[in-house]
Amino acid sequence: MRRRFGLLLAFLAVPCMVHAQAIDTLALRAHTYFLSSDLLEGRGTATRGEHDAASYLDSQLLRLGLTPVGNNKNFLLPVPLRVANFDDAQTHAVLHSGADSTMYRSVADFIVNTGGSNAFHDFTGHAIFAGTASVAARVLEGRTDLRGAVIVVAGTLGGNALELVPDWIRSGVAGVIMLVPDAQQYALYVRSRGEF
């Protein structure tokens with residue numbers, strides 16, 4: 001019993017080797033300035049700016065004395081990402097009604113919603129107008145002809161998207177078109193989707 005007590009006292013007598021590093025506000029400003037610099041071109045996915053920003057952060061973590069986990073020599077880990085680029089001059093939608101057809105231009109007349117892992121594909125099918133998002137579920141309830149259909153909604157889906165979209169996907173819907181006739185709401189929707 002005495003021996004254990006003695007080891008505990010010896011351990012407590014060893015001075016603590018933890019050293020708190022002072023915060024250098026000028027260094028923080030320099031890091032922030034570099035990472036937000038136009039030189040990094042917005043750090044967009046798969047760009048030189050993204051690579052440079054990641055390399056910079058990796059070097060700073062190593063400089064602080066941090067050690068990467070496992071057998072890694074750095075903090076850079078491969079993450080597969082996809083980038084979609086739309087040629088607005090070429091992207092369009094055509095609405096056929098009998099012998100008539102009307103073409104709509106990307107960004108000027110409609111927005112490509114880039115959400116979801118299966119969002120980037122061509123779709124075609126017979127259009128079913130479902131009204132506004134708030135009534136769409138009732139309008140389409142019991143419909144058995146949704147496989148391959150294109151659902152047309154007046155306005156955006158808003159909070160109803162969490163309920164409607166998974167049901168439509170399970171029903172085999174080919175695509176969704178949101179008609180947003182109000183210019184201010186349309187502009188807000190465009191801004192909420194980020195840059196194209």
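What you are looking at is a predicted structure, and each value in this text was computed from that prediction instead of being measured. Sequential numbering from 1 along the given sequence is applied to the chain's residues.
Arg63 contributes atom CZ, which lies 13.5 Å from atom CG of Asp58 (distance to the nearest 0.5 angstrom).
No side-chain donor-acceptor contact under 3.5 Å links Ser37 to the backbone of Tyr33. A donor-acceptor distance shorter than 3.5 angstrom exists from the side chain of Arg43 to the backbone of Leu35, with no hydrogens or angles considered. Between the side chain of Asn72 and the main chain of Asn74, no donor-acceptor pair closer than 3.5 Å is present. With hydrogens and angles ignored, the 3.5 Å screen pairs a side-chain donor or acceptor of Ser171 with a backbone N or O of Asp167. Thr47 places a side-chain N or O within donor-acceptor distance of the main-chain N or O of Glu50, the cut-off being under 3.5 Å.
Between Gln60 and His31, the shortest heavy-atom contact is OE1-CE1, 3.2 Å. Summarising the geometry of Ala133 relative to Leu164, their closest heavy-atom pair is O-CD1, 3.6 Å, with the distance given to 0.1 Å. Residue Pro166 comes nearest to Ala161 through the heavy atom pair CD-O, 3.5 Å, listed as atom of the first residue, atom of the second, then distance. Here the closest non-hydrogen pair linking Ala149 and Ile128 is CB-CD1, 3.7 Å.
Side-chain contact between Phe129 and Val139 is absent, with no heavy-atom pair separated by less than 4.5 Å. Residues Arg143 and Leu146 are in side-chain contact: their nearest non-hydrogen atoms beyond the backbone lie under 4.5 Å apart. Here the side chains of Pro68 and Leu62 are in contact, with some heavy-atom distance below 4.5 Å. Looking only at side-chain heavy atoms (C-beta outward), Ile177 and Val150 come within less than 4.5 Å of each other. Side-chain contact check for Val153 versus Ile151: some heavy-atom pair is nearer than 4.5 Å.
Note on Tyr56: it does not cluster hydrophobically with Phe75, by side-chain heavy-atom contacts below 4.5 Å among ILVMFWY residues. Hydrophobic clustering of Ile, Leu, Val, Met, Phe, Trp and Tyr side chains at less than 4.5 Å, counting indirect connections, unites Ile169 with Leu157. In this structure, Leu40 is a member of the same hydrophobic cluster as Leu57, with clusters built from ILVMFWY side-chain heavy atoms closer than 4.5 Å.
Applying the 6.0 Å contact sphere to CD of Glu163 captures no more than 12 heavy atoms from other residues, nucleotides or ligands. For His51, the NE2 atom sits in a loose shell: 12 or fewer heavy atoms of surrounding residues, nucleotides or ligands are nearer than 6.0 Å. Heavy-atom neighbours of Asp24 CG from other residues, nucleotides or ligands within 6.0 Å: above the threshold of 12.
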